[in-house]
2 protein chains.
Amino acid sequence: MTAQHTGGSGDARRALELLWGAEPRPRRGPKRGLSVQRVVSRAVELADEHGLESLTMRRVAESFGVTAMSLYSYVPSKDELVDLMVDRVAEPSAEPGPPGEHWRAGLERHARTSWRIYHRHPWVLEVSMGRPPLGPNVLAGLEARLTTVGGLGLSVEQQLAVINLVDDYVHGAATSLTGVALLERRTGLSAAQWWERYDPLLEEFVDFERYPALTAMWEELGPTEQRTDFEFGLQRVLDGVSTFVESSRETGT
Amino acid sequence: MTAQHTGGSGDARRALELLWGAEPRPRRGPKRGLSVQRVVSRAVELADEHGLESLTMRRVAESFGVTAMSLYSYVPSKDELVDLMVDRVAEPSAEPGPPGEHWRAGLERHARTSWRIYHRHPWVLEVSMGRPPLGPNVLAGLEARLTTVGGLGLSVEQQLAVINLVDDYVHGAATSLTGVALLERRTGLSAAQWWERYDPLLEEFVDFERYPALTAMWEELGPTEQRTDFEFGLQRVLDGVSTFVESSRETGT
DNA sequence: TTAAAACTCAATACAACGTAAGCAGTTTGG
DNA sequence: CCAAACTGCTTACGTTGTATTGAGTTTTAA
């Protein structure tokens with residue numbers, strides 16, 4: 001496994017051509033049996049269903065009845081394919097939000113959109129956004145965020161800080177929640193079954209007196225109950241931003 | 001690559017023995033050349049230096065001058081090794097914090113501790129904590145957090161929600177920041193070099209009028225400047241928690 | 001019209017991975 | 001003192017991404 005996503009260490013022009021769909025220039029050889037679009041769509045389906053770790057070139061190819069190497073005439077590498085997948089599922093259609101929308105409602109909307117994407121396509125969480133694929137949907141997502149925080153009298157740096165704060169929280173919360181489901185698939189063991197295995201053994205190793213608060217918690221809730229409450233966290237984060245925006249307005253800067 | 005960390009799909013008792021160091025029972029065969037401790041330490045060193053993706057059983061073994069298979073008499077699988085690594089670097093010594101510490105200072109301290117761990121051991125970010133290794137350090141970290149939010153008059157669910165909120169944000173922000181460095185290593189291209197490659201090509205593909213806010217931002221800052229400001233975000237998050245705690249006190253519940 | 005260039009897809013191959021199986025040699029409990 | 005238990009090596013298998021090669025197909029240029 002080379003890894004997920006190169007951030008375009010290959011041919012940058014080719015990468016952009018693929019992202020922006022500048023494909024159908026006339027080609028010379030035999031008719032192509034597939035298309036970049038279809039390959040990306042199928043790859044997204046497979047990743048949604050079986051996870052990024054079982055998304056292999058061979059499996060994508062097999063689902064079309066061709067060999068793995070055939071795909072390389074559509075996509076230069078697996079990493080570029082993943083980039084295309086990310087832009088495909090990012091903020092589809094990027095709804096602009098109602099005119100005159102309050103910034104808080106806007107941030108909430110963006111957060112929930114990301115949350116929904118992560119929920120439908122958990123594999124996106126495993127792809128680094130350090131160098132996002134510069135495709136239409138990814139850019140539209142950023143544009144929408146910037147528009148939302150644009151009218152608050154914040155500096156551009158502060159605008160980005162706010163956007164990153166919300167995005168980072170959503171990403172973290174989604175990772176946390178998704179991790180559980182991922183482990184259930186990878187191990188074939190539900191969270192409850194896992195706990196049943198470990199619970200009786202713990203007292204053999206753990207001196208509970210060293211962990212009184214933890215022990216109390218385990219007695220009150222099952223330890224399975226540690227659901228990340230996305231809504232709770234999101235409101236706290238937005239409250240924090242709110243405080244900042246208001247005090248920022250008072251100060252005049 | 002099987003993946004990172006099973007959450008103990010193997011022998012649970014053996015996993016706990018390893019985590020709690022219940023090792024040196026007398027053994028029959030030849031003297032062991034290594035020890036679980038040394039294997040874990042070396043694996044941490046290698047992962048720190050070259051990343052989790054280049055941490056292979058063969059490389060760990062090679063660094064000791066033994067074969068890959070030799071390691072399997074110390075550690076049942078690579079996934080279990082990763083679990084051991086996580087507990088090794090988690091909250092070392094778990095300082096209890098000054099007595100009478102304010103909850104906000106406590107949460108800040110925990111957040112910065114996590115931040116430091118992620119910074120020193122970025123590979124931890126890639127390991128799911130859906131089923132954390134139930135070792136002494138991981139448990140100590142949770143205990144410390146629970147203690148910090150214990151005296152606020154919150155329900156246990158609320159306490160966990162607050163802890164998860166902070167942890168999720170820190171995790172997200174660290175992932176974001178670390179992703180950049182990871183890509184620099186994987187591609188051999190610095191962020192600046194990457195941008196130099198894409199910037200001139202963008203106008204060929206992107207209709208900037210569709211992305212006015214984005215374009216304005218790119219003109220004001222280089223797009224390289226999108227540093228995640230951890231401190232800024234952390235203070236906003238804590239402000240949000242603060243608002244919640246206070247209004248929660250007023251309401252009486 | 002035809003030859004060459006450009007293309008598609010398949011077959012084969014390689015290095016790297018985690019780890020199973022088998023084995024030779026070492027230590028120790030009965 | 002010997003059989004059981006253990007260590008560490010060798011070999012091997014199935015999987016991964018992708019380089020290479022080659023055969024067959026379509027388009028372009030002469």
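Every value quoted in this text rests on a predicted model; they were computed, and no experiment measured them. Values below: all heavy atoms of this structure, side chains included; hydrogens, waters and symmetry mates excluded. In what follows, every chain begins at residue 1, and chains take the letters A, B, ... in the order their sequences are listed.
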Closer than 3.5 angstrom, by distance alone: can the side chain of B:S70 be matched with the main-chain N or O of B:V66 as a donor-acceptor pair? no
Residue A:T56, side-chain atoms from C-beta onward, closest of C:dT26, D:dG17, D:dG8: D:dG17
Nearest-angstrom distance from the residue atom CG of A:L81 to P of D:dT16: 15 Å
Ranking D:dT18, C:dT8, D:dC6 by distance to the side chain of A:A68, first place goes to D:dT18
For C:dT27, take OP1 and OP2 only and decide whether either is under 4.0 Å from a side-chain N or O of B:R32. no
Of the listed nucleotides D:dC9, D:dT27, D:dT16, the one nearest the side chain of A:R28: D:dT27
Do B:R58 and C:dG18 share a donor-acceptor pair, side chain to base, under 3.5 Å? yes
Check A:E62 with A:R59, please: is the shortest side-chain N to carboxylate O separation under 4.0 Å? no
Output the single nucleotide from D:dT16, C:dG25, C:dG18 whose closest atom is nearest the side chain of B:M57. C:dG18
Rounded to whole Å, CG of B:L71 lies from C1' of D:dG8 at a distance of 10 Å
From D:dG8, D:dC6, D:dT18, nucleotide with atom closest to A:K78 side chain: D:dT18
Below the 4.0 Å mark, does D:dT7 have OP1 or OP2 next to a side-chain nitrogen or oxygen of B:Y72? no
Return the value, rounded to whole Å, for the distance between atom CD of B:E80 and atom C1' of C:dG18. 14 Å
Please state how far atom CG in B:L55 lies from atom C1' in C:dA16, giving the value in whole angstrom units. 14 Å
Does B:R42 make a cation-pi contact with B:F64 (under 6.0 Å, within 45 degrees of the axis)? yes
Rounded to the nearest angstrom, tell me the gap between atom CD in B:E62 and atom P in D:dC9. 12 Å
Quick check on D:dT7: is either OP1 or OP2 less than 4.0 Å from any side-chain nitrogen or oxygen of B:S70? no
In whole angstrom, what separates B:R59's CZ from C:dA15's P? 15 Å
Of A:V124, A:V127, A:L182, the residue whose pairing with A:L52 passes side-chain contact (heavy atoms from CB on, under 4.5 Å): A:V127
Look at all strands and tell whether B:T67 reaches a base, only sugar-phosphate, or nothing, counting heavy atoms closer than 4.0 Å. base
Per B:S77 side chain, nearest of listed nucleotides D:dG17, C:dT19, D:dC6: C:dT19
Tell me whether A:R13 is salt-bridged to B:E204, with the criterion being a basic N under 4.0 Å from an acidic carboxylate O. yes
Base, sugar-phosphate alone, or nothing: which one does B:F64 contact when heavy atoms must sit under 4.0 Å apart? nothing
Is A:K31 close enough to D:dT27 that one of its side-chain N or O atoms is under 4.0 Å from OP1 or OP2 there? yes
Checking C:dA5, D:dG8, D:dT10 against the side chain of B:M69 (C-beta onward), the nearest is D:dT10
